Number of protein chains: 2
Amino acid sequence: MTAIARPGLYGVSVGPGDPQLMTLRAAEVLRAVDVLALPRGERATESHAAAIVSAVVDTATKRVLLLPFATAGGRDAADASREEIFARVAEELWAGAAVAFPLIGDALTYGSFAYLLERVRERLPHIPIEVVPGVTSFAAAAATMQKPLVSWDERLAVLPAVHAGNLDELRETLTTFDTVVLLKVHRCVGAVLDILDEQGLTGGAWYAERVGMAGERYVADVRTLRGQPLPYLSLLVVRKEGNA
Amino acid sequence: MTAIARPGLYGVSVGPGDPQLMTLRAAEVLRAVDVLALPRGERATESHAAAIVSAVVDTATKRVLLLPFATAGGRDAADASREEIFARVAEELWAGAAVAFPLIGDALTYGSFAYLLERVRERLPHIPIEVVPGVTSFAAAAATMQKPLVSWDERLAVLPAVHAGNLDELRETLTTFDTVVLLKVHRCVGAVLDILDEQGLTGGAWYAERVGMAGERYVADVRTLRGQPLPYLSLLVVRKEGNA
């Protein structure tokens with residue numbers, strides 16, 4: 001029995017990688033829609049959403065829109081591809097289709113759905129929209145490591161990218177927050193480890209890369225990361241020791 | 001067909017309330033285990049986990065441990081009930097059962113699983129443990145509001161409770177972060193709204209209460225909250241306007 005989806009746009013968070021970590025609603029929507037909007041591309045992060053979707057739905061039974069990957073190249077470079085994505089999706093929405101746009105992790109937490117959501121809302125205000133929330137990479141990594149992110153009255157900060165220009169901000173954030181999640185830490189993990197050493201936070205830190213994907217890796221002793229080349233999908237969690 | 005779970009402890013995040021927002025893995029584990037450890041109690045937050053679980057599994061087919069609610073009364077008052085919970089769960093684990101402990105939202109993001117996880121790991125080191133991550137209340141609220149939490153290089157802060165003693169910290173956090181999620185904002189929403197006005201952040205804020213539960217409510221114009229009594233499960237999200 002296949003449910004039929006109401007026409008409209010569905011931003012479907014599919015979780016960090018393991019298809020079992022998408023929600024019941026996400027699986028239901030992916031199975032019920034007419035059209036799957038999937039990013040095409042050769043980088044691992046690009047084909048990843050398609051691979052997760054394929055685990056719960058036979059994509060041969062759907063119309064598949066192969067779209068350019070929107071976030072490659074940063075904000076400016078992405079603009080043209082965003083317009084192209086909107087145009088392709090809008091055409092299907094005008095025709096009355098139910099279109100699912102799958103997103104790694106959670107759609108609205110560093111997801112690449114916001115630009116499409118905004119364009120559809122502004123330019124096609126009659127089209128119904130549903131956003132299905134999802135599990136973030138850092139929640140999934142904490143579950144695998146079996147380490148609490150935050151408890152009780154602890155304060156959580158998530159910093160999306162650390163680079164040479166914002167190390168002072170990092171230093172400050174580490175002093176005022178109980179737990180700091182650093183995403184895409186690959187660019188200057190050496191400098192980050194120096195700061196953790198300075199502040200006596202090395203022992204409470206752990207690291208994960210490619211969470212839920214092929215080649216995922218977890219590191220409990222972050223000191224061993226020094227000098228290692230790290231991938232783009234790398235995250236480091238610092239929690240003050242003594243917090244239980 | 002019912003899968004059989006490997007003996008051990010399962011910390012199962014069930015999402016913020018709507019049973020459809022638990023993961024495929026969470027539903028699978030809840031259906032496969034021998035024992036469900038459910039909090040007993042009369043407050044809405046206490047019986048809530050049980051209600052979500054009942055939506056995906058016939059609890060009459062399981063052994064149900066009715067346990068005291070661990071977080072009532074703060075850290076100290078909770079200690080006795082935590083020990084009792086550990087003792088009751090440990091008895092089942094020793095007997096070789098697969099025990100699921102459901103948790104609202106995400107188990108390790110302000111969840112009440114950390115204390116049990118730690119006790120089982122220390123005192124029953126031979127028992128396998130699995131933690132299933134979940135969707136947080138604030139990710140689900142953002143999806144319902146269709147508003148991005150963070151995009152691109154934006155910095156996210158989550159503050160678990162605002163009270164008269166930490167308003168200066170709030171002021172500081174609002175200046176240095178792009179998005180600030182305030183949980184349990186019920187105690188001093190008036191003071192928070194004053195600070196948002198001071199900093200010109202009122203227009204980019206929105207509010208949600210009882211996300212995914214009976215009586216859930218979303219408020220786009222937070223100025224209307226002044227003078228209203230708010231429930232414990234209340235959250236306010238502040239995002240700097242102009243971020244897209």
Side-chain angles (χ1 to χ4, degrees), chain A residues 11 13 15-16 18-28 56 71 74-75 106-115 117-118 121 129-136 139-161 169 172-173 176-177 181 244, chain B residues 11 13 15-16 18-28 56 71 74-75 106-115 117-118 121 129-136 139-161 169 172-173 176-177 181 244:
Chain A
S13 308
D18 179 349
Q20 291 293 100
L21 295 185
M22 78 173 66
T23 64
L24 300 176
R25 180 65 184 151
E28 181 179 66
V56 299
T71 58
R75 288 195 194 213
D106 175 61
L108 299 175
T109 307
Y110 304 114
S112 53
F113 186 60
Y115 71 93
L117 176 66
E118 196 177 307
R121 205 156 43 193
I129 301 176
E130 177 180 334
V131 184
V132 181
V135 173
T136 61
T144 299
M145 288 296 280
Q146 301 188 358
K147 288 186 182 276
L149 284 175
V150 270
S151 293
W152 302 100
D153 56 357
E154 294 171 20
R155 297 154 49 93
L156 170 67
V158 182
L159 307 184
E169 281 179 4
E172 174 66 22
T173 302
T176 50
F177 282 78
V181 175
Chain B
S13 308
D18 178 349
Q20 290 294 100
L21 294 186
M22 78 172 68
T23 63
L24 300 175
R25 180 64 184 152
E28 180 180 67
V56 299
T71 58
R75 287 194 196 215
D106 175 60
L108 300 176
T109 306
Y110 304 113
S112 53
F113 186 59
Y115 71 91
L117 176 67
E118 197 177 306
R121 204 155 44 191
I129 301 175
E130 177 178 335
V131 183
V132 181
V135 173
T136 61
T144 299
M145 289 295 280
Q146 302 187 358
K147 286 185 182 278
L149 285 175
V150 269
S151 292
W152 302 101
D153 56 356
E154 294 172 21
R155 297 154 50 94
L156 170 68
V158 183
L159 308 184
E169 280 179 4
E172 174 65 24
T173 302
T176 50
F177 282 78
V181 175

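Throughout, protein chains are lettered first and strands after them, A, B, ... in sequence-line order, and every chain is numbered starting at 1. What you see is a predicted model; the values in this text were computed from it and never measured.
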For Leu21(B) and Arg25(A), the nearest pair of non-hydrogen atoms, with its separation, is CD2-CB, 4.3 Å
Correct closest heavy-atom pair for Ala27(B) and Leu24(A) would be CB-CD2, 4.0 Å
Would Val158(B) and Val150(A) count as a side-chain contact (heavy atoms from CB on, under 4.5 Å) here? Give the steps.
CA-CA 10 Å; Val158(B) 183; Val150(A) 270; over 6 Å; no
Side chain, backbone, both or neither of [X] within contact of chain B (heavy atoms, under 4.5 Å):
X         : answer
Ala107(A) : neither
Pro16(A)  : neither
Phe177(A) : side chain
Leu117(A) : side chain

Can you tell me which portion of Ala161(B) sits under 4.5 Å from chain A's heavy atoms? Options are side chain, backbone, both or neither.
neither
Please check if the side chain of Arg121(B) supplies one atom and the backbone of Gln146(A) the other of a donor-acceptor pair under 3.5 Å.
yes
Are the side chain of Tyr110(B) and the backbone N or O of Leu149(A) linked by a donor-acceptor pair below 3.5 Å?
no
Tell me, out of Ala139(B), Pro19(B), Pro133(B), Ala141(B), who's got the most heavy-atom pairs with chain A below 4.5 Å.
Pro133(B)
Answer key: most heavy-atom pairs under 4.5 Å with chain B among Glu169(A), Arg155(A), Met22(A), Glu172(A) is Arg155(A)
Highest number of heavy-atom pairs under 4.5 Å with chain B: which of Val56(A), Thr173(A), Val181(A)?
Thr173(A)
Rounded to the nearest 0.5 Å, how far apart are OG1 of Thr109(A) and CD of Glu154(B)?
11.0 Å
Working to the nearest 0.5 Å, report the span between OG1 of Thr23(A) and CD of Gln20(B).
8.0 Å
